Amino acid sequence: MNNNGLITLEQFIVDQESQYPDAKGALSKIFRAIELASKIVNRDVRKAGLVDILGSQGETNIQGEEQKKLDVIANNIFISAFSRSGEVCAVISEEEDEIHHLPKTENEKYIIAMDPLDGSSNIDVNASIGTIFSVYKRKSKSGTPTLDDCLQAGNQQVAAGYVIYGSSTMLIYTTGNGVNGFTLDDGIQEFCLSHRNIKTPEDGNFFSVNEGNLSDFPEGIVDYISYCKEKDKATNRPYSARYIGSMIADLHRNILKGGIFIYPPTTKAPNGKLRLMYECNPMSFVVEQAGGKAHTGECPVMDVETTALHQRVPVFVGSKNMVDKALAMHHATDKKS
Ligand code: AHM
Ligand code: MG
């Protein structure tokens, strides 16, 4: 704690690591890299309207999505921070087709999966966007990490979290021992502990789903959305709809206030839209560590076998009772058909 009673992220991580005598400080170095990179991205996001970094890069990523200039800038900032950390041998990024091998790979034991700037359709309209990250230990001991080193299930994550560039900038993370949130104090440019041991309510009042796709949703999801809108005092319905098209912003609200976020399978996209390694797994780790639930409709998100870097999965994530109800209604119609 510093003299003003603030606990900085750096201090918090050092304190946590000191509880584990075998910890060698590797995670501290990785978090220092994430912290630095997110401060730089935050600076760029804050002045984006003033300099020529809004708009499209003029290229598409491997998923055929338009890359924004800030997507590419954020990707480069994070890669260079990880490369200097001395702990990371490879990065899987939404913005890169293949594994990004970092120059030195002899002793570096960690692999990062990240979406450097999620919700990029919101960049040009000044709505909340974020960075999502997931940390894995490589399986092999040394040498250039292979695809097999990278394709690990979410339940192997060592740490995960996100940074939200919203009305304030926050970094939220877990190492499997609860979830803590830090708000960037602009004056001193430090992330300071603001949300200790975050617990998500078991029930909530918000549902977040892109209803524009309703005609492509499975019957059970359509039923669940109708259920969310029905009047029923006893269960606090109707729930409020909240969907901005930025998973981090929608889930961050639901984690703190209670709610469900759904990106279901659709007739056009049977595996949904969101990517397992750098969107669904890290957000699921955070939500489950906060007491919530994350499921694909077939199994817990973090138990999905990872078979490709840019694999997609449907996702039902948020307050436990809401996710259970949505899954029950989804499965009820599965059985009918
Ligand atoms: P992105 O990584 O290209 O920004 O796409 C992911 C985003 C999520 O943040 C959000 O939940 C989803 O796409 C919104 O998709 P849609 O516009 O189909 O509702
Ligand atoms: Mg994304």
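Atoms within a ligand are numbered from 1 in the order they appear, just like the ligands themselves. Everything numeric in this text was worked out from a predicted model, so none of it was measured.
Heavy-atom separations between Ser121 and ligand 1 are all 4.0 Å or longer.
Within the 3.5 Å criterion, the main-chain N or O of Ala294 finds a donor-acceptor partner in the side chain of Glu288. A donor-acceptor contact shorter than 3.5 Å is absent between the side chain of Thr8 and the backbone of Glu190. One N or O on the side chain of Ser208 and one on the backbone of Arg242 form a donor-acceptor pair closer than 3.5 Å.
Atoms of ligand 1 found under 4.0 Å from any heavy atom of Asn210, numbered from 1 in the order shown, are 16 (P), 17 (O), 18 (O), 19 (O). Annotation for ligand 1: atoms under 4.0 Å from non-hydrogen atoms of Glu94 are 1 (P), 2 (O), 3 (O). Distances below 4.0 Å separate heavy atoms of Glu279 from the following atoms of ligand 1: 2 (O), 6 (C). Every atom of ligand 1 with a heavy atom of Asp118 under 4.0 Å away is listed here by number and element: 1 (P), 2 (O), 4 (O), 6 (C), 7 (C), 8 (C), 9 (O).
By the neighbour-count criterion of 12 heavy atoms within 6.0 Å, atom CZ of Arg237 is densely surrounded, having more than that number from other residues, nucleotides or ligands. In the displayed structure, Glu305 atom CD is contacted under 6.0 Å by at most 12 heavy atoms of other residues, nucleotides or ligands.
Considering backbone and side-chain N/O of Lys273, one or more are found under 3.5 Å from N/O of ligand 1. Backbone and side-chain nitrogen or oxygen atoms of Met247 are examined, and one is located within less than 3.5 angstrom of a nitrogen or oxygen of ligand 1.
Asn75 and Glu96 form a side-chain donor-acceptor contact under 3.5 Å, judged by distance and modelled atom types alone. When only modelled atom types and interatomic distance are considered, Gln11 and Asp15 share a side-chain donor-acceptor pair under 3.5 Å.
Centroid-to-centroid, the aromatic rings of Phe261 and Phe207 stay 6.0 Å apart or farther. Side-chain rings of Phe182 and His195 stay apart, their centers remaining 6.0 Å or farther from each other.
Proximity of Ser246 to ligand 1, defined as any heavy-atom pair under 4.0 Å, is confined to the backbone N, CA, C and O atoms. Contacts with ligand 1 closer than 4.0 Å are made by side-chain heavy atoms of Arg275 only, the backbone lying farther away. At a heavy-atom distance under 4.0 Å, only side-chain atoms of Asp115, from C-beta outward, approach ligand 1. At a heavy-atom cutoff of 4.0 Å, ligand 1 is contacted by the side chain of Phe261 but not by its backbone.
Within the protein, the number of N, O or S atoms lying under 2.8 Å from the Mg ion (ligand 2) is 4.
For residues 79-92, the salt bridge (charged side-chain N to carboxylate O under 4.0 Å, His left out) pairs, not counting sequence neighbours, are Lys29-Glu87.
Remark: Lys257 is not positioned above the aromatic ring of Phe206, lacking an NZ or CZ atom under 6.0 angstrom from the ring centre and at most 45 degrees off the axis.
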